[in-house]
A.B. asks: 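Here you go, one structure.
The first residue in the sequence is number 1, and the count goes up from there. Computed over heavy atoms, backbone and side chain alike; hydrogens, waters and symmetry mates excluded.
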Amino acid sequence: MSGNIVARRYAKALFTVGSKQGSAELETYGKQLADLAGALAGAPEALRFFKNPVFSVEEKKAVLKQITGQLGLTGAMANFANLLADKNRLVSIPEIAADYTAMLDEANGIVSGKLVTAVALSDSRKVELKERLEKQTGRKLVLDYATNADILGGVVLQIGDSVLDASLRAQLNILKETIKRGE
């Protein structure tokens, strides 16, 4: 989740409304919020426009209405976007979407993580590792894969705030410290 307290509050408010309406609405709000954030990320000039205090709230709402219309957002999501316009928080939409997605993932038992290896993994190896990790954690994982030749071998797995460093570099550092202490 982002460090923006305001974004987290808006995301939580939308999540609360969606959860009262059911899991289908939760998913719909998440998808539409992500679509809106993606549209704004793809048009940085729109974010600059929404940030600019020279333009009135009504002008911003007019532009927002065009964007929400093109995206086909539901009435509730369009109202949420209008509320953000009224409160001058439209520039926070990407952070609100990120926080909402994190809340939705947590509610669905999905954990995001990052797996770093020294060499690129084949797709079949990625699937195999992911399935094994899901079995061990008992949760569904969404992993980002990266390579870093500096770890020399092994893996570095980050899930949430936890990091498992099973890299060859870490093992060599532990061995080096053991030798230094004379153990």
Side-chain angles (χ1 to χ4, degrees), residues 1-116 126 130 133-134 136-146 156-164:
M1 285 201 272
S2 73
N4 188 334
I5 294 170
V6 173
R8 206 170 348 194
R9 285 185 180 165
Y10 280 103
K12 186 172 182 172
L14 183 63
F15 189 84
T16 302
V17 169
S19 60
K20 288 179 182 176
Q21 295 176 349
S23 61
E25 287 298 314
L26 271 177
E27 297 289 335
T28 301
Y29 289 167
K31 183 185 178 318
Q32 290 183 357
L33 193 55
D35 290 348
L36 183 57
L40 293 179
E45 62 277 357
L47 277 176
R48 284 193 301 274
F49 172 77
F50 290 141
K51 191 181 247 183
N52 193 334
V54 171
F55 298 105
S56 70
V57 171
E58 295 307 317
E59 291 171 317
K60 292 177 183 179
K61 279 185 175 182
V63 171
L64 184 64
K65 185 176 182 180
Q66 291 177 347
I67 294 171
T68 57
Q70 288 176 350
L71 294 174
L73 301 185
T74 61
M77 186 54 67
N79 288 342
F80 179 73
N82 281 328
L83 171 72
L84 294 175
D86 288 337
K87 301 293 183 182
N88 199 24
R89 302 282 187 208
L90 289 171
V91 294
S92 298
I93 288 176
E95 293 160 326
I96 294 169
D99 285 340
Y100 187 92
T101 300
M103 289 177 197
L104 189 58
D105 286 349
E106 186 177 324
N108 290 331
I110 298 172
V111 179
S112 297
K114 182 176 182 179
L115 184 71
V116 180
K126 287 178 183 179
K130 182 180 171 199
L133 289 169
E134 285 178 342
Q136 288 177 344
T137 60
R139 301 183 88 179
K140 182 161 173 38
L141 294 176
V142 175
L143 291 176
D144 291 328
Y145 298 94
V156 177
L157 176 65
Q158 179 182 356
I159 297 177
D161 294 336
S162 302
V163 177
L164 169 69

A.B. asks: Between the main-chain N or O of E59 and the side-chain N or O of S56, is there a donor-acceptor pair closer than 3.5 Å?
C.D. replies: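 Indeed, once roles are kept as given, a pair shorter than 3.5 Å links the two residues.
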
A.B. asks: Keeping N108 on the side-chain end and I110 on the backbone end, is there a donor-acceptor pair under 3.5 Å?
C.D. replies: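 Side chain of N108 to backbone of I110: no pair is present.
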
A.B. asks: Once you round to the nearest 0.5 Å, how far does CG of L33 lie from OG1 of T28?
C.D. replies: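 Going from the CG atom of L33 to the OG1 atom of T28 covers 12.0 Å.
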
A.B. asks: Tell me whether E25 contacts the main-chain N or O of G22 through its side chain, where contact means a donor paired with an acceptor under 3.5 Å.
C.D. replies: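 It does not hold such a pair.
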
A.B. asks: Go through it in stages, so that I can follow the logic: the residues are F50 and L40, the test is side-chain contact (heavy atoms from CB on, under 4.5 Å), and I'd like the CA-CA distance, side-chain angles, deciding distance and then a yes or no.
C.D. replies: CA-CA 10 Å; F50 290 141; L40 293 179; 3.7 Å; yes

A.B. asks: Can we say D105 and K140 salt-bridge, meaning some charged N sits less than 4.0 Å from an Asp/Glu carboxylate O?
C.D. replies: no

A.B. asks: I'd like to know whether I67 forms a side-chain contact (heavy atoms from CB on, under 4.5 Å) with V63, so could you lay out the CA-CA distance, the side-chain angles of the two residues, the decisive distance to 0.1 Å, and finally the verdict.
C.D. replies: CA-CA 6 Å; I67 294 171; V63 171; 4.1 Å; yes

A.B. asks: Treating Q32 as the side-chain partner and M77 as the backbone partner, does any N or O pair qualify as donor plus acceptor under 3.5 Å?
C.D. replies: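 Absent.
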
A.B. asks: Please collect all ring-ring contact (aromatic ring centres under 6.0 Å, His included) contacts where either partner lies in residues 25-49, sequence neighbours excluded, each pair once.
C.D. replies: F49-F55

A.B. asks: For residues A39 and L71, report the shortest heavy-atom separation together with the two atoms involved.
C.D. replies: CB-CD1, 4.0 Å

A.B. asks: Could you tell me which non-hydrogen atom of A146 sits nearest to which non-hydrogen atom of K114, and how far apart they are?
C.D. replies: CB-CE, 3.8 Å

A.B. asks: Do K60 and N88 make a side-chain contact, defined as non-hydrogen atoms from C-beta onward lying under 4.5 Å apart?
C.D. replies: yes

A.B. asks: To the nearest 0.5 Å, what is the distance between CG (D99) and CG (L14)?
C.D. replies: 11.5 Å

A.B. asks: Quick check for you: to the nearest 0.5 Å, what is the distance between L90 atom CG and K51 atom NZ?
C.D. replies: 12.5 Å

A.B. asks: Just do the salt bridge (Lys or Arg N to Asp or Glu O under 4.0 Å) check on K61 and D86 with the steps written out, would you?
C.D. replies: CA-CA 8 Å; K61 279 185 175 182; D86 288 337; 2.7 Å; yes

A.B. asks: In Å and rounded to the nearest 0.5 Å, what is the CG to CD1 distance from L164 to I159?
C.D. replies: 8.5 Å

A.B. asks: Which heavy atom in L141 sits nearest to a heavy atom in E134, and how many Å separate them?
C.D. replies: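 Scanning both residues completely, I find the closest heavy atoms to be N-OE2, 3.0 Å.
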
A.B. asks: So do F80 and L73 actually touch side chain to side chain, heavy atoms under 4.5 Å?
C.D. replies: no

A.B. asks: Restricting to non-hydrogen atoms, name the atom on S19 and the atom on T16 that form the minimum distance, rounded to 0.1 Å.
C.D. replies: OG-O, 2.9 Å

A.B. asks: List the steps, then state whether side-chain contact (heavy atoms from CB on, under 4.5 Å) holds for I96 with L84.
C.D. replies: CA-CA 10 Å; I96 294 169; L84 294 175; 3.8 Å; yes

A.B. asks: What pair of heavy atoms forms the shortest contact from T68 to A81, and how long is it?
C.D. replies: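 Looks like CG2-CB, 4.4 Å.
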
A.B. asks: Could you pull out all residues at least two apart from F15 that satisfy ring-ring contact (aromatic ring centres under 6.0 Å, His included)?
C.D. replies: Y100

A.B. asks: Can you tell me how far CG of L115 sits from NZ of K126, rounded to the nearest 0.5 angstrom?
C.D. replies: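 Going from the NZ atom of K126 to the CG atom of L115 covers 9.5 Å.
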
A.B. asks: Under the rule for side chain to side chain donor-acceptor pair (under 3.5 Å), what residues qualify as partners of T137, not counting sequence neighbours?
C.D. replies: none

A.B. asks: Would you compute the distance between atom CD1 of I5 and atom CD of E95 and round it to the nearest 0.5 angstrom?
C.D. replies: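 Atom-to-atom, I5:CD1 and E95:CD are 11.5 Å apart.
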
A.B. asks: Over all heavy atoms of both residues, which pair between A7 and S92 is shortest? Give the atoms and the distance, please.
C.D. replies: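 A7 and S92 have their closest heavy atoms at CB-O, 4.5 Å.
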
